[in-house]
J.: 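For reference, the structure I am asking about is given below.
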Amino acid sequence: MRESETGATFRGYLLTVRRRRWWVIVFTLLAGGVSLTFSLSQPDEYSATAQILVQSSTDATTPGSTQIPVSQTDVQTELTLVTSAPVAAAVARQFGTVPPITTTEVGQTNVMAVTGTAASPARAADIANAYARDFVSYRQQVASQTTTAAETELRVQVDRLASQVKSLGHRLRTATLASALLNQEAVLKEQLAQIEVSGASNLGGVELVTPATPPAGPSSPRPVRDTLLGLATGLCLGLGAAFARDSLDDRLSSKEATEEAADAPVLAMVPLVAMWRMRKQPLVVTRSDPTSLAAEAYRSLRTSLQFVRQEQRARTIVITSPAASDGKTSTLANLGVAFAQAGDRVLVVSCDLRRPRLGQFFGVDEEPGLTTVLAGGTPLEDVIQPVAGQQRLWVLPAGRVPPNPAELLNSPKAQQIFKTLADGFDLVLIDSPPLLPVTDAVLLAQVADGVLLVASAGQSRRADLRRAREKLAQVNAAVVGVVLNQVTRETGYGYGYGYGYGYGYRYKPYLATNGGSGEPAHANGKSPVPDINVH
């Protein structure tokens with residue numbers, strides 16, 4: 001894997017952990033708390049350890065044999081024999097039961113550790129010492145039995161040779177045979193003497209070198225250790241759950257995921273506006289807080305769309321989203337202000353004829369509006385309203401909510417109105433209903449020069465955005481790009497956070513004259529509607 005790919009993957013992992021941090025935190029704290037609670041609820045237990053040395057030895061049954069070195073296999077064998085049936089039976093005779101122990105090898109040495117555990121320090125030491133001493137005694141007993149058997153066999157052979165020599169008598173012709181037998185007898189007696197000496201000093205190859213003593217404190221529970229182990233376990237479980245949840249989550253979580261689902265570039269990533277917590281209180285941040293990161297994001301979107309407009313000659317743009325609450329109307333309102341501040345004559349059209357909200361962003365009543373014109377009751381120029389305090393920005397309200405919005409928008413008169421509006425303004429931004437629930441946005445896309453999709457980070461789903469893109473493709477609508485709305489630190493790769501500008505620039509809107517437009521208001525407080533003619 002190339003370095004760049006590795007870095008991107010690592011960054012993706014970090015972003016996933018940040019995005020799902022509460023999963024990690026909850027699992028970690030929960031596991032740590034459970035471990036601590038369980039540890040504190042357990043009674044105290046004490047552990048005492050006796051140490052046994054496995055010695056290199058000679059074979060007492062083979063006179064003249066050399067020292068046999070101790071191997072790790074020998075040590076492991078002895079560890080198994082500590083809990084063998086003869087040793088356990090001897091311990092049971094002392095305690096009336098067979099208490100459990102643990103046997104381990106001390107490092108890479110020939111020393112074995114026999115650890116007994118009990119509710120009191122003295123009993124723990126007694127258990128460890130009982131196993132150690134009974135094991136040593138058992139090994140000595142086995143060695144003694146082996147030596148005794150060898151001695152008995154040699155004595156039988158010596159007695160047999162002595163009987164043969166005695167039966168020969170003093171006959172001359174048997175003197176040679178008698179001498180050979182006597183020599184064999186002498187050799188066997190010497191071997192017998194060596195075995196007797198070796199057997200007297202044979203300890204069975206093991207020796208108790210460190211008896212167990214009562215411990216000063218309990219070996220368990222250990223709240224600190226148990227809590228740390230619980231926290232580590234919880235951290236691993238939390239990370240696993242976080243990555244599993246993230247892989248199963250279909251919501252848009254990054255710029256790359258948005259571009260892949262929409263098959264279109266992300267033109268802007270708008271940070272979440274912390275002060276906009278009430279959806280019923282519309283906020284045009286480009287007017288109320290023009291130096292904020294969100295306002296700068298809308299200006300960045302304006303710049304991107306200016307290039308698109310130059311390349312595609314787009315004067316009418318439909319702004320829609322896959323589902324409700326993605327922020328399409330707020331995006332349109334802020335984008336309209338941004339273009340007007342740049343000097344364009346902008347008309348924002350409230351074409352969400354099912355739940356119109358655009359007028360609320362500018363304090364404009366939705367009636368009369370577009371449906372009034374379509375019904376033939378009012379001229380178009382009479383329902384277009386200038387935005388108070390904002391030069392070069394007008395609003396065409398929705399009008400009364402009709403029973404048949406799709407049929408009205410698909411009528412020849414509606415198409416003629418949109419064509420006339422495009423001729424009368426530099427830019428027409430059309431607010432439409434969401435794409436997936438109704439067909440209105442698809443109808444509007446056919447009369448517009450381009451479509452701008454709005455998706456909400458952490459809310460919109462990849463499948464919905466993909467389906468919305470497919471519906472637009474069916475009518476050959478030109479998707480100019482995507483706006484990723486409500487971006488946070490987790491979803492925006494730190495977009496704009498903590499950057500600051502630091503150039504001493506201060507934005508000073510004309511609060512007294514135009515409500516923050518940055519441009520002088522018209523003499524009568526209103527901007528005149530451009531000349532338009534509806535046929």
Side-chain angles (χ1 to χ4, degrees), residues 1-47 49 100-105 107 113 115 117-119 215 217-261 269 271-272 274 277 323 325-326 455-466 484-495 497-498:
M1 181 177 292
R2 296 191 302 270
E3 182 179 356
S4 60
E5 293 177 349
T6 303
T9 301
F10 182 69
R11 183 180 68 171
Y13 291 155
L14 291 180
L15 288 173
T16 299
V17 173
R18 172 182 284 185
R19 193 162 50 245
R20 307 293 179 185
R21 60 185 178 275
W22 286 112
W23 286 73
V24 180
I25 293 173
V26 169
F27 270 84
T28 301
L29 295 181
L30 182 61
V34 170
S35 297
L36 177 61
T37 302
F38 180 79
S39 180
L40 294 177
S41 65
Q42 299 301 304
D44 290 344
E45 289 188 341
Y46 298 84
S47 297
T49 301
I101 61 166
T102 57
T103 58
T104 57
E105 179 183 359
T115 303
T117 302
S219 59
S220 66
R222 296 181 181 177
V224 175
R225 181 201 63 182
D226 295 341
T227 302
L228 291 177
L229 289 175
L231 290 173
T233 303
L235 177 62
C236 295
L237 293 175
L239 289 173
F243 282 107
R245 180 68 180 88
D246 194 72
S247 64
L248 297 175
D249 191 357
D250 191 43
R251 292 176 296 181
L252 296 173
S253 59
S254 68
K255 174 177 177 288
E256 290 78 7
T258 304
E259 291 180 335
E260 184 274 332
M269 300 171 65
L272 178 67
R277 300 183 183 277
S325 303
D326 286 334
S456 177
Q459 176 176 315
S460 300
R461 298 191 177 276
R462 293 182 179 90
D464 291 345
L465 185 57
R466 209 173 280 121
L484 188 58
N485 209 13
Q486 301 182 17
V487 174
T488 62
R489 293 179 184 270
E490 291 78 10
T491 56
Y493 300 151
Y495 169 80
Y497 288 98

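Values reported hereafter were calculated over all heavy atoms of this structure, with side chains retained and with hydrogens, waters and symmetry mates removed.
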J.: With sequence neighbours excluded, what pairs up with T103 under the side-chain hydrogen bond (donor to acceptor under 3.5 Å, both in side chains) test?
T.: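 For T103 there are no side-chain hydrogen bond (donor to acceptor under 3.5 Å, both in side chains) partners, ignoring immediate neighbours.
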J.: Give me the atom names and distance for the closest heavy-atom approach of S219 to R222.
T.: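 Closest heavy-atom pair between S219 and R222: O-NE, 2.9 Å.
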J.: Quick one: side-chain hydrogen bond (donor to acceptor under 3.5 Å, both in side chains) partners of Q42, sequence neighbours excluded?
T.: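 For Q42 there are no side-chain hydrogen bond (donor to acceptor under 3.5 Å, both in side chains) partners, ignoring immediate neighbours.
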J.: Is the shortest side-chain heavy-atom distance between L252 and R461 below 4.5 Å?
T.: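 Result no, sub-4.5 Å side-chain heavy-atom pair not found.
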J.: Search all heavy atoms of G230 against all heavy atoms of A31 and return the closest pair with its distance.
T.: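 Reported closest heavy-atom pair: O-CB, 3.2 Å.
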J.: At their closest point, which heavy atom of P218 faces which heavy atom of Y46, and how far apart are they?
T.: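 For P218 and Y46, the tightest heavy-atom pair comes out as N-CE2, 3.3 Å.
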J.: Would a 4.5 Å heavy-atom cut-off, applied to side chains only, mark L465 and T258 as touching?
T.: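 The answer is yes; the side chains approach within 4.5 Å.
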J.: Give a yes-or-no answer on whether the side chains of S456 and Q486 include a donor-acceptor pair shorter than 3.5 Å.
T.: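 Short answer, yes.
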J.: Does the side chain of V17 reach to within under 4.5 Å of the side chain of L239, using non-hydrogen atoms?
T.: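 Yes, side chains in contact.
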J.: Is the closest side-chain heavy-atom distance between V24 and L235 below 4.5 Å?
T.: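 Yes, their side chains come closer than 4.5 Å.
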J.: I'd like to check E260 versus R466 (side-chain heavy atoms, cut-off strictly below 4.5 Å). Are they in contact?
T.: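 They are in side-chain contact.
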J.: How far does OG of S35 sit from CG of L231, to the nearest 0.5 angstrom?
T.: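 Result: 7.5 Å between the selected atoms.
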J.: State the CG-CZ distance between D464 and R251, to the nearest 0.5 angstrom.
T.: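 Interatomic distance, D464 CG to R251 CZ, rounded to 0.5 Å: 12.5 Å.
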J.: Looking only at heavy atoms, what is the nearest atom pair of P223 and L36, with distance?
T.: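 What the structure gives for the nearest pair is CB-CD1, 4.0 Å.
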J.: What's the verdict on side chain to side chain donor-acceptor pair (under 3.5 Å) for D326 and S460, showing C-alpha distance, side-chain angles and the deciding distance?
T.: CA-CA 7 Å; D326 286 334; S460 300; 2.9 Å; yes
J.: When rounded to the nearest 0.5 angstrom, what distance separates CH2 in W22 from CG in L29?
T.: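 Reported to 0.5 Å precision, the distance equals 9.0 Å.
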J.: Between T117 and S47, is any side-chain donor less than 3.5 angstrom from a side-chain acceptor?
T.: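 Their side chains do contain a donor-acceptor pair, which is all the 3.5 Å distance test asks for.
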J.: Answer yes or no: is there a side-chain heavy-atom contact under 4.5 Å between D226 and P221?
T.: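 With C-beta onward as the side chain, the pair touches.
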J.: Can you tell me if Q459 uses its side chain to pair, donor with acceptor, with the backbone of S325 under 3.5 Å?
T.: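 Yes, the answer is positive, given that a donor and an acceptor are paired below the 3.5 Å cut-off.
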